[in-house]
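Reading through the structure tokens given below for one structure.
These figures come from a predicted structure and were not determined experimentally. The first residue in the sequence is number 1, and the count goes up from there.
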Amino acid sequence: MKKVGLAAFDSKKLSTQQYNDLGSTIVSVQQEELKRQLSQFQERLSHFASAHASEIKNNAKFRAEFAEMCAAIGVDPLANSSSKKGGRIASFLGKDVQDFYFELAVKIVEICRQTREDNGGMVKVTEVRDILNARNKTSAIKVSVDDIVTAVKTLKKLGDGLGIVKVGSQQFIKSVPGEMNPDQITVLETCHVLGFVSVSLLRDNLGWKPTRSKSTLETMTGAGLLWVDGQGVETQYWSPSWIDDGYMVAANS
């Protein structure tokens with residue numbers, strides 16, 4: 001009786017080609033199974049979105065958890081109906097959810113513009129949340145940190161002028177052109193501990209050479225991310241957002 005499948009290879013030594021063919025077959029089967037499972041997940045998520053559309057629109061916590069479920073299987077709930085990914089879910093939710101995030105993004109841009117001179121283009125996400133909710137006290141929908149992060153991400157296609165930056169344990173909205181490199185993030189993290197940095201401070205604590213420090217500090221100063229204080233023995237570079245926090249603490253004490 002002729003053996004089939006894996007049993008066909010038991011009675012003779014496998015050639016390299018046979019091993020390759022067998023491996024390709026197994027990979028192909030696994031890929032098809034993963035596609036089938038992903039399709040089922042997306043189908044169930046669509047039904048879930050339809051059943052809970054109202055709660056997704058009006059409950060910030062529920063909205064964030066739903067967004068996490070979508071991200072886990074590569075679905076964009078904000079995609080338009082013509083998009084292959086998320087379009088069906090977006091159609092269940094209607095334009096209300098999409099418009100919510102797009103309108104929120106416009107408000108965030110306006111706040112960043114209004115506060116730019118005070119914070120140098122780096123404003124805390126929590127501060128933006130508080131401003132938005134204070135302006136809309138009569139609204140039943142309260143904006144969350146997750147909502148703001150999602151809204152900012154919808155503007156990514158417009159360029160790198162607006163983005164989320166994590167400094168230490170806090171999230172900031174960056175409203176200055178260009179991506180921030182690791183050295184610039186490190187400088188901001190240091191500023192949010194001490195309030196300022198200097199060439200000697202970076203040298204003594206981080207081992208940076210003067211050329212590296214000066215290049216980073218001058219670039220950040222030019223972008224408005226740091227303010228210069230040249231009145232001391234050594235030039236100090238301060239974070240505007242830290243100075244603003246200092247004033248707020250003093251005002252509330």
Find out whether [X] and [Y] are in side-chain contact, i.e. whether some heavy atom of one side chain is under 4.5 Å from a heavy atom of the other.
X: Cys112; Y: Leu162; result: yes
X: Ile148; Y: Leu132; result: yes
X: Phe102; Y: Leu104; result: no
X: Arg135; Y: Ile111; result: yes
X: Leu155; Y: Val109; result: yes
X: Arg203; Y: Lys209; result: no
X: Thr190; Y: Leu201; result: yes
X: Val197; Y: Trp208; result: no

To check you understand the geometry: which heavy-atom pair defines the closest contact between [X] and [Y], and what is its length?
X: Pro210; Y: Val199; result: CA-CG1, 4.1 Å
X: Met122; Y: Phe172; result: CE-CB, 3.7 Å
X: Tyr237; Y: Cys191; result: O-SG, 3.9 Å
X: Ser200; Y: Glu234; result: OG-OE1, 2.5 Å
X: His192; Y: Ser239; result: NE2-OG, 3.7 Å
X: Leu225; Y: Val176; result: CD2-CG2, 3.9 Å

Exam field: side chain Gln170 to backbone Val167, donor-acceptor pair closer than 3.5 Å: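 Judged by distance alone, no pair lies under 3.5 Å.
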If I take atom [atom1] from residue [X] and atom [atom2] from residue [Y], how far apart are they, to the nearest 0.5 angstrom?
X: Thr216; Y: Leu226; atom1: OG1; atom2: CG; answer: 10.0 Å
X: Thr186; Y: Met180; atom1: OG1; atom2: CE; answer: 9.5 Å
X: Ile131; Y: Lys124; atom1: CD1; atom2: NZ; answer: 12.0 Å
X: Thr221; Y: Lys214; atom1: OG1; atom2: NZ; answer: 13.0 Å
X: Asp183; Y: Ser213; atom1: CG; atom2: OG; answer: 8.5 Å

Modelled atom types, side-chain donor and acceptor of Asp147 and Ser144, under 3.5 Å: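 Yes, side-chain donor-acceptor contact under 3.5 Å.
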ILVMFWY network linking Val106 to Val123, side-chain heavy atoms under 4.5 angstrom: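 Different clusters: Val106 never reaches Val123 through Ile, Leu, Val, Met, Phe, Trp or Tyr contacts under 4.5 Å.
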Cluster overlap Ile185 with Leu202, hydrophobic side-chain contacts below 4.5 Å: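 Same cluster: Ile185 reaches Leu202 through Ile, Leu, Val, Met, Phe, Trp or Tyr contacts under 4.5 Å.
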Worked check of side-chain contact (heavy atoms from CB on, under 4.5 Å) between Ser175 and Arg116: CA-CA 8 Å; Ser175 58; Arg116 174 72 183 274; 4.2 Å; yes
Derivation and outcome, salt bridge (charged side-chain N to carboxylate O under 4.0 Å, His left out), residues Glu110 and Lys107: CA-CA 5 Å; Glu110 181 63 15; Lys107 294 177 182 178; over 6 Å; no
Counterpart residues, side-chain contact (heavy atoms from CB on, under 4.5 Å), relative to Val145 (two or more places apart):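 side-chain contact (heavy atoms from CB on, under 4.5 Å) list for Val145, sorted by chain: Val125, Thr126, Arg129, Val149, Gln171.
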Residues that Gln236 engages under side-chain hydrogen bond (donor to acceptor under 3.5 Å, both in side chains), provided they are two or more places apart: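 Checked Gln236 against side-chain hydrogen bond (donor to acceptor under 3.5 Å, both in side chains); matches are Trp238.
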